[in-house]
Amino acid sequence: MPASQDTRRFWLMKNEPDEYSIDHALSAPDATIAWNGVRNYQARNFMRDDMQVGDGVLYWHSSCAEPGIYGIARIAGNLRVDPSQFDPADPYYDPKSSPDKPRWLTLDVQALRKTRPLLIAELREQPALAHMRVLQKGNRLSITPVSTEEWQVIEGLLQGR
DNA sequence: GCCAACGTTGGC
DNA sequence: GCCAACGTTGGC
């Protein structure tokens with residue numbers, strides 16, 4: 001598809017590999033997992049307002065020995081209420097949310113492939129990625145937008161360009 | 001395990 | 001509606 005017709009947006013989504021690694025996602029039925037547990041309004045709003053089926057996703061492993069990009073995924077849609085917020089036994093339980101006024105949403109993410117690890121140090125070497133959200137000091141947001149330019153630079157790194 | 005940075009809470 | 005206190009995130 002010509003780049004001019006490519007209306008995808010791009011995202012970076014963090015997951016702890018202990019919970020949902022790229023390998024785990026790839027081994028799920030249809031390689032698709034529900035992106036549960038988002039408990040930040042900005043991240044929720046990205047899911048609710050901006051994500052479209054087919055958008056590209058950089059699959060990030062966080063809170064681990066070597067944080068970085070470990071795979072490529074796509075937004076598979078099916079935006080819905082995140083059931084984990086109502087379950088007191090769930091680590092993502094939110095006592096302030098209620099079924100008649102749910103706070104949190106989930107959607108499906110389909111893993112496409114594992115990549116070689118693109119670690120933070122390597123990403124920081126790329127001047128074109130200097131403004132990438134995930135590389136900014138103090139960034140904690142688990143879902144961040146990725147620009148088309150950043151996406152292309154990362155594709156290039158993965159292809160050895 | 002540390003701790004800087006950030007988002008949320010709640011008293012006022 | 002301000003803002004100090006608190007809890008959490010996540011790289012290091």
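Numbers restart at 1 for each chain; the letters A, B, ... are given by sequence-line order, proteins then strands. Below, all heavy atoms of this structure are taken into account, side chains as well, without hydrogens, waters or symmetry copies.
The CG-C1' distance, from L135(A) to dA5(B), rounds to 16 Å in whole Å. The distance between atom CG of L141(A) and atom P of dG7(B), rounded to the nearest whole Å, is 8 Å. Taking atom CD of E66(A) as the reference point, atom C1' of dG10(C) lies 15 Å away to the nearest angstrom. Between the P atom of dG11(C) and the CE atom of M132(A) lies a distance of 12 Å, rounded to the nearest Å. What separates CD of Q42(A) from C1' of dT8(B) is a distance of 13 Å, to the nearest Å. Between Q136(A) atom CD and dG11(C) atom C1' there is a gap of 14 Å when expressed in whole angstrom units. Taking atom NE2 of H61(A) as the reference point, atom C1' of dT9(C) lies 17 Å away to the nearest angstrom. What separates CG of N45(A) from P of dG7(B) is a distance of 13 Å, to the nearest Å.
Just one residue in the list I143(A), V134(A), T144(A) forms a side-chain contact (heavy atoms from CB on, under 4.5 Å) with K14(A), and that residue is V134(A).
Proximity note for K137(A) (side chain, C-beta onward) versus dT8(C), dA4(B), dG10(C): the nearest is dA4(B). Listed nucleotides dT9(B), dG10(C), dT8(B) differ in distance to S63(A); the shortest reach to its side chain belongs to dG10(C). In the set dG7(B), dT9(B), dG10(C), dG10(C) carries the atom at the smallest distance from any side-chain atom of S62(A). Closest to the K96(A) side chain, of the nucleotides dC6(B), dG10(C), dG10(B), is dG10(B).
Comparing I120(A) and Y92(A) against DNA chain C, the residue whose closest nucleotide sits nearer the 5' end is Y92(A).
When all heavy atoms of P102(A) and S97(A) are compared, the closest pair comes out as CA-OG, 3.5 Å. Of all heavy-atom pairs between G37(A) and D82(A), the closest is N-OD2, 2.9 Å.
Taking the six-membered ring for Trp and the full ring otherwise, Y59(A) and W35(A) have centroids separated by under 6.0 Å. Annotation: Y41(A) is in aromatic contact with W104(A) [ring centroid separation under 6.0 Å].
Among the protein residues, R124(A) comes within range of the sugar-phosphate backbone only, with heavy atoms under 4.0 Å from sugar or phosphate atoms but none that close to a base.
Residue W60(A) places no side-chain N or O under 4.0 Å from the OP1 or OP2 atom of dT9(C).
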